[in-house]
Each structure stands twice: as structure tokens, then as C-alpha cells.
Amino acid sequence: MPEPWWRTGPQDVHRLEDRISSLYAERCHIDRDDNAVVLVNKARVVHVPAAWLAVLLIGPGSRVTHGAVTLLADSGTSLCWVGEHGVRLYASGHGVARGSQLQLRQAWLVTRPKERVAVARRMYDMRFPGEDTPGLTLQQLRGREGTRVRRLYTQHSERTGVPWTKRDYKPGDAFAAGDDVNRLLSAANSALYGICHAVITGIGASPALGFVHTGSALSFVLDVADLYKAEFTIPLAFDLAAKGLTSERDARTALRDAVVQGKLLPRVVADIKDLLVPEGDTLLEQDMGELWDDGDGVVSSGRNWGADAFGPDSHLDIIPDGSTAP
């Protein structure tokens, strides 16, 4: 049966770096029109070329048709069902055209101590702009990070007049621990984790393969979120406490607005790419559909590798050391 005329082909799928990094939609009907995603609400109708979109974040009050999801999947676009402006990730799905190259690159970096340390150092360097850190060990960097965060808490306490003693966090019920500013910090950080989780999942990286954090299914989420706490969640928590806005919803909605104003989503995409992908390199995003061979080689899929492949009429395939195998 021939493919429908409107289905996106491989030649229409653009590289992630050439696409719109993310699009957030809420309180609308999401449908398709040919190769475009159509967003409809009471005010207007917007057409978005599916092949130019990396991640579609579907917010509250939205409904999406099967046709739209099929188009986005064929275009290699990730779907994330999120809270308001992406502050929480509820579910996600990848398009069938998305390859595994970014996740394989991440796994390669994580499993090699030298490369893992290099990425971890770059993460710390991003938190200390303008400071001389190349000669510091990871232990020294962790100590400097702890000192920096404590100094930030003190500075914002003095700026807002909100009393501060120490960070108080209760695993399992973070919002119930500590005083007002501690609870606001926990709520805002939780929302920030959701944003980072949505972006990491959306671009095809692994939330579990962290470089500084380890042992959690969200280790990389924690790594990435730590890059932005000093700019977003810490000052926000003290500002809200100073105004007497101390509910979890206050923290969540205030962070949502700060994320929109600060254009955080595209920044997270760019920062992850800078951390995982060597400068000047491009990771393929298409689904190669190959089979792993001995060593680091691959062979083609979609053919029968049974006994008949070793007969006198079988094709020869090149293997990594330059020799041939049936």
C-alpha cells in the first residue's frame, strides 16, 4: 500500500539545531493540515510546519488529534505533556524518526572517567563565569559551589529582609520542611526539575545519565537544573517570601513567568548541546536502524543474516578492521 501523499518523508526532517527548539501550547485544539500542525483557540488559528519543530510542549486545557500526533511522530518531533509553561512533565513520547545518537554520545561520555570529569568540570565552570577553575579538583569545585550557594542565600536574605539560617530539605515531602523560604525553594526547584526533564526528554537525551549526580533516574535532570538555580529559583523564593506569597502554587506560577521572560527553554537546549556535543560536530538524528557487530562496527538491518547468507552467492560486508566477512 503506498504511503499517503501527505506523509512526511526523510528528506523533510530537519536537524535539531536547525529547528525551533520548543513550542509551548495551552488551552487550544491541536490538529493537522497537510504537513503542518494547526493550533486553534477562540482568538486565532496558527499553522506550524511540523518538520521544523524539535519539541512540542502540550500544556493544560489542550486536546490533540491522532492525526497531529502521527504527523509529529513522522517528523521526528517529541511530544511532552506538561504543566503550565512546562513547569512539570507528566508524560512524553518520541517520534519514530528520532535517532539514538545523542543518548549514545551521553552514555559514552558518562562511562569514560576522563570524559565524564571533563563534562562535570564544564558544568561547574558555567556556574563560575570569569573565575579561574582549571587547576581545581572536583572536590575543590564542589566546595566552591557550596560556598557560592551559601553566599547567595545570605545576599538575598539581606536584600529582601527575609531571615535565613540554613537550607532545610525533607526527602519525600520537600514542601513540608523548613520555614517559608525553604518551602518556596523546594517548590520552585521541583518545578525547575520538571522544565529540565521535559527538555532533556524532548531532545532525546537520557534523564538518568548524570555527570555530577549519579544513582537516580533523574541524575542528568539534577545536573542541568543546578545550572539555573542561582538565577531563577533562589532569588525567586526570597522575593516571594518577602511579599508573603508562600504557597506551592505561588512558587510554581512565579517560576513559570520567570522562565518565559528569561527564555529558559531554548537556553537549556543550547547548554545541553554544548555539554554533550563536541564543538563543530553534528550528531545524526535519523533512525539508522543498524545492527551492532563485534567491536565497534555495525551492519545493515532489514536483511536475512541466516545460514543462506553464508552461501557461495552471499554478499560480502566490510567490517571495521578492513577485512571482509560473509
Side-chain angles (χ1 to χ4, degrees), residues 1-103 191 193-207 221 252-253 255-257 259-260 263-266 268-269 272 284-289:
M1 178 178 177
E3 293 288 343
W5 63 268
W6 39 259
R7 174 150 299 183
T8 306
Q11 71 280 1
D12 300 316
V13 177
H14 301 280
R15 295 181 306 175
L16 186 62
E17 58 264 33
D18 296 329
R19 300 187 185 196
I20 302 169
S21 60
S22 62
L23 177 66
Y24 173 78
E26 69 176 14
R27 296 174 178 83
C28 66
H29 174 74
I30 305 171
D31 211 330
R32 71 172 296 169
D33 182 10
D34 294 343
N35 275 350
V37 176
V38 185
L39 310 177
V40 183
N41 63 16
K42 293 182 179 179
R44 56 180 174 164
V45 176
V46 177
H47 287 69
V48 180
W52 283 104
L53 185 60
V55 184
L56 177 61
L57 303 174
I58 303 176
S62 301
R63 59 184 180 182
V64 58
T65 67
H66 184 276
V69 173
T70 301
L71 171 62
L72 291 164
D74 290 338
S75 301
T77 301
S78 293
L79 294 175
C80 296
W81 281 262
V82 298
E84 288 184 306
H85 285 278
V87 295
R88 288 187 176 175
L89 175 68
Y90 300 121
S92 63
H94 293 298
V96 295
R98 181 169 303 283
S100 63
Q101 285 77 8
L102 183 60
Q103 198 163 134
Y193 297 147
I195 293 169
C196 295
H197 194 179
V199 174
I200 290 167
T201 302
I203 65 175
S206 169
V221 175
R252 188 174 65 250
T253 55
L255 182 67
R256 175 201 66 191
D257 296 340
V259 164
V260 175
K263 298 180 179 179
L264 179 60
L265 291 177
V268 177
V269 173
I272 292 175
L284 296 174
E285 292 181 60
Q286 68 186 87
D287 186 355
M288 305 299 291

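Along the sequence shown, residues are numbered consecutively beginning with 1. Values below: all heavy atoms of this structure, side chains included; hydrogens, waters and symmetry mates excluded.
In this structure, I30 and S62 approach most closely via the heavy-atom pair CD1-CB, 4.5 Å. When all heavy atoms are compared, the tightest approach of Y24 to P60 is OH-CD, 3.6 Å. Closest heavy-atom contact between I203 and V269: CG2-CG2, 4.2 Å. In terms of heavy-atom proximity, R252 sits nearest to A191 at CG-CB, 4.5 Å. When all heavy atoms of D33 and H47 are compared, the pair lying nearest together is OD2-NE2, 3.4 Å.
Within the 4.5 Å cutoff, no side-chain heavy atoms of R256 are placed close to those of I195.
With a 6.0 Å radius and a threshold of 12 heavy atoms from other residues, nucleotides or ligands, R27 has its CZ atom above the threshold.
When atom types are taken as modelled, the side chain of R32 and the backbone of D34 share a donor-acceptor pair closer than 3.5 angstrom.
Between atom NE2 of residue H29 and atom CG of residue L39 there is a gap of 10.0 Å, rounded to the nearest 0.5 Å.
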Does the pair D31 and V40 meet the rule for a side-chain contact (heavy atoms from CB on, under 4.5 Å), with working shown? CA-CA 8 Å; D31 211 330; V40 183; 5.7 Å; no

I'd like to know whether L79 forms a side-chain contact (heavy atoms from CB on, under 4.5 Å) with V64, so could you lay out the CA-CA distance, the side-chain angles of the two residues, the decisive distance to 0.1 Å, and finally the verdict. CA-CA 11 Å; L79 294 175; V64 58; 5.8 Å; no

